[in-house]
Enquirer: 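Have a look at this one before I ask anything.
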There are 2 protein chains.
Amino acid sequence: MITGELDLCEVNLINAAMVRQAQGQMLDEATATRLADLFQALADPTRVRILSALWVGELCVCDLAATLGMSQSAISHQLRTLRQLGLVRRRKDGQVVYYSLDDEHVSGLFSQGLEHVRHQTDMP
Amino acid sequence: MITGELDLCEVNLINAAMVRQAQGQMLDEATATRLADLFQALADPTRVRILSALWVGELCVCDLAATLGMSQSAISHQLRTLRQLGLVRRRKDGQVVYYSLDDEHVSGLFSQGLEHVRHQTDMP
DNA sequence: TGAATATATGAGCATGCATTCATATACTAG
DNA sequence: CTAGTATATGAATGCATGCTCATATATTCA
């Protein structure tokens, strides 16, 4: 058992070689944060429902609000989040703003996540 | 322009047919919540780093703590979250508990998310 | 048995976030 | 220009969550 060489914590090491290997493999802080931010965008039921509603095609804000049964303001705030992460696209037509799915990766993430969720039989 | 038929909000509809279609396509509340919970598990830099560290193979709690440079308590709390969502597996050997990746969907989600993040050139 | 070590966990705290409310902006119609 | 409508957004609020600290549990070793 080897004493930790990190000054950040006083934890002991079980397998120093594995730790070094893991440190090399592990995502750096910045990349981990950006990846976490992406998943964070999908980590809310309202945003998930918005994205699944946009599957049928572009929808304007008020139709999205009606579809979800939520206020225009709440939907608009969430669309801002989705837009900032590049998951939805805007198209303005007069005073109506249409939103649609922007990223092809989203569909992959979405279906893969759904597959995971639907294969879970023991979830509460 | 048709007045909304939902009593939940007083929003007007632009395209009632699209709204009905979107309502049929949209994930139901329960499924959306479970999907959001899954993504929530990946929506934290610490958990992302833990999962990417476990890519090299199973690691015990204190080696994970050393790898991330964080306290044993913080890591243990996060591992609990990951375990409850079925993303990591436990193996106890004496007083040491080894964790490893549990779900094959995780790797898919992970790499797809990474691909998204790495193709973004305009992110801050 | 008793000391040491690895892990788990409850409480407390600080921060983040989803919604509401009020209001601002932008466009259209008259 | 004025009224009306669609959307955006800042402030406030209630709730969730990540970390620390202290401590409990479990296992090993002497």
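Proteins come first, then strands; the chains are lettered A, B, ... in the order of their sequence lines, and each starts at number 1. Worth knowing before you read on, the calculation uses all heavy atoms, side chains too, and leaves out hydrogens, waters and symmetry mates.
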Enquirer: Taking all non-hydrogen atoms of both residues into account, name the closest pair between B/Ala41 and B/Leu87 and its distance.
Expert: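 Minimum heavy-atom contact is CB-CD1, 3.7 Å.
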
Enquirer: If I take atom CG from residue B/Leu79 and atom CG from residue B/Leu51, how far apart are they, to the nearest 0.5 angstrom?
Expert: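 Result: 9.0 Å between the selected atoms.
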
Enquirer: Whole-Å distance between C/dA18 P and A/Gln84 CD?
Expert: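 Rounded to the whole Å, the gap is 12 Å.
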
Enquirer: Please report the interatomic distance OG(B/Ser111) to CD(B/Glu115), rounded to the nearest 0.5 Å.
Expert: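 Answer rounded to 0.5 Å: 7.5 Å.
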
Enquirer: Output the rounded distance in Å from CZ (A/Arg80) to P (C/dT19).
Expert: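 Computing the A/Arg80:CZ to C/dT19:P distance gives 15 Å.
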
Enquirer: Tell me whether A/Thr67 contacts the main-chain N or O of B/Ala22 through its side chain, where contact means a donor paired with an acceptor under 3.5 Å.
Expert: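 Here the side-chain-to-backbone pair does not exist.
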
Enquirer: CG of B/Asp63 versus P of C/dA6: gap in Å, rounded?
Expert: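 Result: 10 Å.
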
Enquirer: Angle between the two end axes of the helix from C/dT1-D/dA30 to C/dG30-D/dC1, five base pairs per end, rounded to 10 degrees?
Expert: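 Computed angle between terminal axes is 20°.
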
Enquirer: Which of these, B/Val96, B/Val97, B/Asp93, sits in a side chain to side chain contact (heavy atoms under 4.5 Å, CB included) with B/Cys60?
Expert: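 It is B/Val96, the one option of B/Val96, B/Val97, B/Asp93 that forms the side chain to side chain contact (heavy atoms under 4.5 Å, CB included) with B/Cys60.
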
Enquirer: Can you measure A/Arg83 atom CZ to D/dT9 atom C1' for me and round it to whole angstrom units?
Expert: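 Computing the A/Arg83:CZ to D/dT9:C1' distance gives 11 Å.
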
Enquirer: Roughly how many Å is it from CG in B/Asp37 to P in C/dC17, rounded to a whole number?
Expert: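 One finds 17 Å between P of C/dC17 and CG of B/Asp37, rounded.
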
Enquirer: Give every residue pair that meets the ring-ring contact (aromatic ring centres under 6.0 Å, His included) criterion with at least one member in residues 51-81 of chain B, sequence neighbours excluded.
Expert: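 Output for this query lists B/Trp55-B/Phe110.
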
Enquirer: Under the rule for salt bridge (charged side-chain N to carboxylate O under 4.0 Å, His left out), what residues qualify as partners of B/Arg91, not counting sequence neighbours?
Expert: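 Result, salt bridge (charged side-chain N to carboxylate O under 4.0 Å, His left out) vs B/Arg91: B/Glu58.
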
Enquirer: May I have the distance from B/Leu64 (atom CG) to C/dA8 (atom C1'), rounded to whole angstrom?
Expert: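 In whole Å, C/dA8 C1' and B/Leu64 CG are 15 Å from each other.
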
Enquirer: Do A/Arg34 and B/Arg118 make a side-chain contact, defined as non-hydrogen atoms from C-beta onward lying under 4.5 Å apart?
Expert: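 No; the side chains remain at least 4.5 Å from each other.
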
Enquirer: Which atom names give the shortest non-hydrogen contact between A/Ala43 and B/Ala43, and what distance separates them?
Expert: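 Shortest heavy-atom contact: CB-CB, 4.2 Å.
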
Enquirer: Rounding to a whole Å, what distance do you find between B/Ile75:CD1 and D/dG18:C1'?
Expert: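 The distance from CD1 of B/Ile75 to C1' of D/dG18 comes to 11 Å, rounded to the nearest Å.
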
Enquirer: Output yes when a side-chain donor or acceptor of A/Arg47 lies under 3.5 Å from a complementary backbone atom of A/Gln40, and no otherwise.
Expert: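 Answer holds: yes.
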
Enquirer: Check DNA chain C against residues 89-101 of chain A and give the residues with a non-hydrogen atom under 4.0 Å, in numerical order.
Expert: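 Only A/Lys92, A/Gly94, A/Gln95 qualify.
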
Enquirer: Shortest non-hydrogen contact from B/Ala32 to A/Arg49?
Expert: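 Residues B/Ala32 and A/Arg49, closest heavy atoms: CB-CG, 3.5 Å.
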
Enquirer: So does A/Tyr99 get a backbone contact from the side chain of A/Arg90, meaning a donor-acceptor N/O pair under 3.5 Å?
Expert: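 Not confirmed, A/Arg90 side chain does not pair with A/Tyr99 backbone.
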
Enquirer: Return the value, rounded to whole Å, for the distance between atom CD of A/Gln78 and atom C1' of D/dT7.
Expert: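 Going from CD in A/Gln78 over to C1' in D/dT7 covers 15 Å.
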
Enquirer: Mind listing the residues from residues 41-54 of chain A sitting with a heavy atom below 4.0 Å of DNA chain D? Number order is fine.
Expert: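 Heavy-atom cutoff 4.0 Å gives no residues at all.
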
Enquirer: Enumerate all atom pairs, one protein N or O and one N or O from nucleotides 20-24 of chain C, separated by less than 3.5 Å.
Expert:
| residue | atom | partner | partner atom | Å |
| --- | --- | --- | --- | --- |
| C/dT20 | OP2 | A/Ser71 | OG | 3.0 |
| C/dT20 | O4 | A/His77 | NE2 | 3.3 |
| C/dC21 | N4 | A/Ser73 | OG | 2.6 |

Enquirer: Minimum heavy-atom separation for A/Glu29 to B/Pro45, with atom names?
Expert: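 Closest approach of A/Glu29 to B/Pro45: OE2-CB, 4.2 Å.
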
